[in-house]
Trainee: 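Got a structure here, written out as structure tokens. Questions coming.
This structure is a prediction, so every number in the text was calculated from the model and none was measured. Both backbone and side-chain heavy atoms feed into the values below; hydrogens, waters and symmetry mates do not. In each ligand, atom 1 is the first atom listed, and ligand 1 is the first ligand listed.
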Amino acid sequence: MQQVEFDDPLCSQTTLNGLVYDWSYQFLTPDEIKSFAKKRLPVHFKQARDALLTGTYSNPSENREVTHVLSRSRHSVLREGDKSKFAKIVRKLRSGKWLGATGKPITDIVNIGVGGSDLGPLMASFALREFATDIHEHHVYTHFVSSMDGGQLYAVLPICDPETTLFIVASKSFGTIDTFANVDTAREWMLEAFEPLGLDASDWFEHHIIGVSANAKKMDAYGIPAPNQLVFPESIGGRFSLWSAIGLSIATTCGVQVFQQMLEGARLMDEHFASAPVDENIPMLMALIGVYNREEREINNLAILPYDGRFRMLPSYLQQLDMESNGKQFSYTNQTIDRPTGPIVWGGFGPNGQHAFFQHLHQGYDQFTADFVLVLHRTDKRFSKRVQTALAEQQRLAVANCLAHRRLMAFGSQSDTPSEHYPGGHPTSLLALRELTPESFGAIVAAYEHKIFVQGLIWGLNSFDQPGVEQGKKVALDTFRALHGESLSFDPSTDAIIKMV
Ligand code: F6P
């Protein structure tokens, strides 16, 4: 049975504005981190980091620069403050001043998008919705629809009124089939209600749709009027775009001020990444430890285990951010790579995971590493003191369980009885916040962006393209044609299933 002892447990922590990164349970000491950095950081690291932070880093395969960091400042959708088109649209929607075709205020906003046009906005909206300060008598509800099967529309359309519903079509390319399959159904739903009222598609476009894309021409061609378009630079990658106009649904959920605070938190992490020494630099520590676990400890996966429910979408978001960036076996110059690169990222909400997959983590065969994400204190003045006291006790319970399980994963629990033996020896890190705020949320997300960038540099990858998603789309067009009756043959299994439809 695997047995790994921590020689002499250390307390290795670094902090930034109330965020503690604790890497005590990793198998790299502060001294070893420095030598590992010397060994593994490329000679051009500093230049590459500066290029990323100034928006001049090159994404060669897509022939563009990488500028998502600028969306916290120079490219910010709020750089003109209240005069920003983004801010005006949000305020008009949240105050009930945006009227539908029949003159009623919009009450429901449906963000239709997928991948980076869904995961980041969904995660941030879920995490930060309680911080909205611009409370109006009028309330808008923001819903998220992404899956091509229409699964979410089955749930959302029945609770919305076409006369008071607005769709945000969020798509950088403005061409993703998943998104437009949902838009087509939404359009049928809307027009079916409008026709008896003597209304038509032009009313849909004028009052009930906002396009968010890097491709203004396609939004024009689709029929979305310019006042209802938000355009962001092509140089902002989809999975890095929640800070851009793609974050419209975050702002419609949480208000402009919270969105701005989230950007500010990310910007402070950018500054930290730019200036902190490697053994105090949170993104660099995360990156180097991840490379060490991948290469030296041959751990091929990373579990994201949030212990505060507001972070429960974080694992799904980081799956795209990490695996679509560094899940590659070809280099920045398109040469084959024959050694490990980005890990498989998985995870789930920690407290509930204790009743689902923690058995495997504690007594299973496989190696894993994990990032625990913990919030120490939570207050919410919407509740009475009495209820707040009870809720605070629950937060303490979650903290206790997080600390207990990460200890058990690290140190194990020895027993000669196999079923009572916990081998331990699993390296994990902890990201702990004193309290969740929009700023600390933005900082954590930015830390992961920079971690993934540093790992891509170390592994010699281009972390900003995603060629591996294209072939599947091509094959799906053929199977979709076959399902519509075209006589196409694939393989006996696929052909048999198609015949069954
Ligand atoms: O999965 C491929 C991908 O291009 C992602 O990188 C992107 O976030 C998603 O599809 C959605 O793309 P778009 O925002 O262009 O609709």
Trainee: Among residues two or more places apart or on two chains, list those pairs meeting salt bridge (charged side-chain N to carboxylate O under 4.0 Å, His left out) that have a residue in residues 468-497.
Mentor: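 Residue pairs with at least one partner in residues 468-497: Glu470-Lys473, Asp478-Arg481, Arg481-Glu486.
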Trainee: Ala287: what forms a side-chain contact (heavy atoms from CB on, under 4.5 Å) with it, not counting sequence neighbours?
Mentor: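 side-chain contact (heavy atoms from CB on, under 4.5 Å) list for Ala287, sorted by chain: Lys451, Val454, Gln455.
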Trainee: Can you measure from CZ (Arg49) to CG (Asn281) and round to the nearest 0.5 angstrom?
Mentor: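 Separation between the atoms: 6.5 Å.
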Trainee: Can Arg91 and Asp134 be said to form a salt bridge (Lys or Arg N to Asp or Glu O under 4.0 Å), step by step?
Mentor: CA-CA 9 Å; Arg91 292 206 161 88; Asp134 62 332; 5.8 Å; no
Trainee: For Phe368, what residues pass the side-chain contact (heavy atoms from CB on, under 4.5 Å) criterion, not counting sequence neighbours?
Mentor: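 With neighbours one apart ignored, the set is Asn301, Leu361, Ala370, Met409, His426.
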Trainee: Between the protein and ligand 1, which nitrogen or oxygen pairs come in under 3.5 Å, and how far apart is each?
Mentor:
residue: ligand 1; atom: 1 (O); partner: Glu324; partner atom: OE2; Å: 3.2
residue: ligand 1; atom: 6 (O); partner: Glu324; partner atom: OE1; Å: 2.7
residue: ligand 1; atom: 8 (O); partner: Gly116; partner atom: N; Å: 2.7
residue: ligand 1; atom: 8 (O); partner: Gln320; partner atom: NE2; Å: 3.1
residue: ligand 1; atom: 12 (O); partner: Thr176; partner atom: OG1; Å: 3.4
residue: ligand 1; atom: 14 (O); partner: Ser117; partner atom: OG; Å: 2.6
residue: ligand 1; atom: 14 (O); partner: Lys172; partner atom: N; Å: 2.8
residue: ligand 1; atom: 15 (O); partner: Lys172; partner atom: N; Å: 3.3
residue: ligand 1; atom: 15 (O); partner: Ser173; partner atom: N; Å: 2.7
residue: ligand 1; atom: 15 (O); partner: Ser173; partner atom: OG; Å: 2.7
residue: ligand 1; atom: 16 (O); partner: Ser171; partner atom: OG; Å: 2.7
residue: ligand 1; atom: 16 (O); partner: Thr176; partner atom: OG1; Å: 2.6

Trainee: Run the salt bridge (Lys or Arg N to Asp or Glu O under 4.0 Å) check on Lys172 and Glu62 step by step: do they pass?
Mentor: CA-CA 14 Å; Lys172 178 179 175 182; Glu62 295 180 332; 5.4 Å; no
